[in-house]
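Working notes for the structure below.
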Amino acid sequence: MPEDSREERCFTGIAVSPGIVRAKVQMKGVLLGEPESRRIVEAEVAPEKARLQQALVKTRGQIVEMRGKIEQVAGSESASIFDAHLLLLEDATVLGEVTKLLESELRNVDRIYYEVIERYLESLRRIEDPYLRERAVDIEDVAMRVLRNLSPDEHSEAEMVYEGVEGEFVLVAHDLTPSDTASIDRNHVLGFATEIGSSVSHTAIMARSLNIPAVVGLQTIRSSVETGDEVLLDGYNGLLIIRPSDETLASYEVLKAEKAVLLDDLKELRDQETETADGHQITLSANIEFAHEVSQVQKQGAEGVGLFRTEFFYANEKKLRSENAQTRQYVDVAAAVAPNAVIIRTVDLGGDKLMPGLIPEPEPNPFLGWRGIRVCLQEDDIFRPQLRAILRASARGKVGVMFPFICCVEEIRAAKVALQEEKQNLRDAGEPFDENIEVGAMIEIPSAALMADELAREVDFFSIGTNDLVQYTLAVDRVNDRVADLFRSANPAVLKLIKQVIEAAHRNGIWAGICGEMAGDLLMTPLMIGFGVDELSVGASQLLSVRRAISRLNVPECQDLVKEISGLSSAGEVEQCCRNLVMKKYPELMS
Ligand code: PEP
Ligand code: MG
C-alpha cells in the first residue's frame, strides 16, 4: 500500500452505466465448480494421474502465454503475478496429497484435486492477514484453470461468490462476463468496476438494462483497492474514487440532486407519443434481455419491445430451454406490451455470449466464428423449438421475429424456410399462430448493409444492430477497451452504411429501425432522424431522454445536418457538427 493510503484517489475508466453509488469494495472471487465424485478401479489410477498431468501441462501453457502477453503490455512487474501462479500450480505438497488420496480412496482425480484445494482455501480464508487472504484468490484462479482443463465441459462457467463485506457493496473485478453480470445479486451489488471492457460489450449493455451503475476499463484498479475500502462509483463520468473526501462527497450530493431533478422532469413524458417538434412520429421501443424487464420498460413508456435478446437465458444455463417454457415467456412479454409489439430475436449465441457445453472450446476468433444465425441453422435442437415458441406466442399478442448476424441472402432464405416448416408443423398440429407474423433481418454486418436492397425483398423490416455494424465495419473489437477510442458510430463509413440501409428499406417498402446502442446516443439522434429511421429501440434508462431529444428536433434541420456531414471525412468532425446542434436543442440532456 502506498504511504498516502488514506487519502482520496481517483481513477478514470469508461462510463458504461449511469448512477452514483457509495459503498465498500468487494473484490470478485470465484467459487470452484464442484466436480462429481465417482468411484474408480485400480486400473484407472494411472490414466487418472495422466489426465491430471495433461491438465497441469495445459494450464502451465496458458499461464505462460498470459504472462507473455501481460509482460508486453504492462511490463514484467505486472506479469510477475503469473510466476506465483506457476509456483502454485506445481506446488509439491498439493500434488503429493492429490496422488496419495487418488491411490488410497480410488475416486476420480478432479474430485480429489477439488477437495484438496478447497481444504487449503478454507484455512486461508480464515486468516486475518490481507496478504495471505489475497493468496486464496490466486489459488482459486489456478485451481479453476486446472479443473476446467480436467473436464472442460463441466467447468466452463465460474460462479461468483461474495465474501468479506456484509450488506451492499461495489464489486471490483478484472472482468465480468455477460453471464456474471446477469447473475449479479442486486441485493448486495450496488455497482461494479472492472479493469477491462467497453461500453458496447454485452456486460455493459446488461448493466444498463439492469440499472447497475458501472465503470469499466480501469486498467490495474485491483492493485489499488482492497475488499472493505470505501469508494464512490460515478457511472456518469467513469470514475472510481477511493476514500472520497468530505468535499468530494458534498459535490456528489449536488450532482445527484441535479440528476434527480432531471429524471423527475422526464417522467412527464412517460405517457406521451414520440414525435419531433414538427409532428413526425417515430416508434420508440425498448431492448430487453429478460422477460421480467418488461414491466420496467413499460413504466418508462416504451412503445413495445424492439429487441428481445433471447440468448441470455443460456448465459447461466447448461441445458436447452423447453419450447413450452419459451412460449410462456414470450406470451408474458407480448401480453405486457399489448397492443404494441415485441420483436423476438432468435438466439444470438457465440462471440462474447457462449453457451457452456455447446461451444466448450474457445474459438480463435469468436466474433468471426460460429455465431448467431450460423449456430441456429446448424443446431435444430436450439432453433426449431424457439421458432415454434415464437409462432405460438404470436397467436396471443403482437409478435415479430428477427434473425441476427445475417451476412448473406442465403442465410435469411434458409431461416425463412425453417420458419415456414415450423408454421406447417403447427398447422398440422392444429396450433394457432399469426400467419402474417412480421419477419426481420438484423443488419449488423457490412455485407448485409451493402446487399440491403436484395435482403429487403426477403423481409418485412430491418433492425440495424450498430454495435456489431461498427465493430465489423471498422474492425474494432467491441469488447476491447484498448481500441475503444476507434469504436465510433459517427465514423463516416458507418454512417454511409446506415443511411444506405434505411434508404434501401424504404425503396422496397419496408421499415427500418436501429436497435444498437447508437439508438440511445443523444448526440446521434438528429442524424438518425435525418436518415429517416422509423423506429429506435433503446435500453430502459434511455427511453425518456431519447423521447425528449426527439421532441425538440425538426425533421428539416435534421435533414440539413445529414447534408452538412455528408462531405466530412472523420468521426470527430461529424461529432462536432452534431454537438453544435444538440447543444442548442437539449443541452441539459448532454451533461
Ligand atoms: C447490435 O449488434 O447492435 C445488437 C443490437 O445486437 P447485440 O448487441 O446483441 O450484438
Ligand atoms: Mg449484434
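The first residue of the sequence shown is numbered 1, and numbering continues consecutively from there. Counting convention: from 1, in listed order, for ligands and their atoms alike.
- Without hydrogens or angle criteria, Asp234 side chain to Asn237 main chain gives a donor-acceptor distance under 3.5 Å.
- Side-chain contact annotation: Gln471 with Asp468, donor-acceptor N/O pair under 3.5 Å present.
- Between Gln576 and Asn580, the side chains place a donor N or O and an acceptor N or O closer than 3.5 Å (distance only, hydrogens not considered).
- Between the Arg374 side chain and the Gly350 main chain, no donor and acceptor come within less than 3.5 Å of each other.
- Between the Thr310 side chain and the Arg345 main chain, a donor and an acceptor come within less than 3.5 Å of each other.
- Judged purely by atom type and a 3.5 angstrom limit, Ser447 uses its side chain to pair as donor or acceptor with the backbone of Cys407.
- Around the Mg ion (ligand 2), the protein atoms of type N, O or S that sit closer than 2.8 Å are Glu444 OE1, Asp468 OD2.
- The aromatic rings of Tyr472 and Phe405 lie tilted to each other, with the angle between the two planes from 30° to 60°.
- Dense packing is recorded around NZ of Lys423, with more than 12 heavy atoms of other residues, nucleotides or ligands lying under 6.0 Å away.
- Near ligand 1, residues His202, Ile205, Leu307, Arg309, Arg345, Asp348, Lys353, Arg371, Met442, Glu444, Gly465, Thr466, Asn467, Asp468, Arg478, Cys515, Gly516 each place a heavy atom inside the 4.0 Å sphere around the ligand atoms.
- Panel note: side chain Asp534, backbone Ala512; a donor-acceptor pair is recorded below 3.5 Å.
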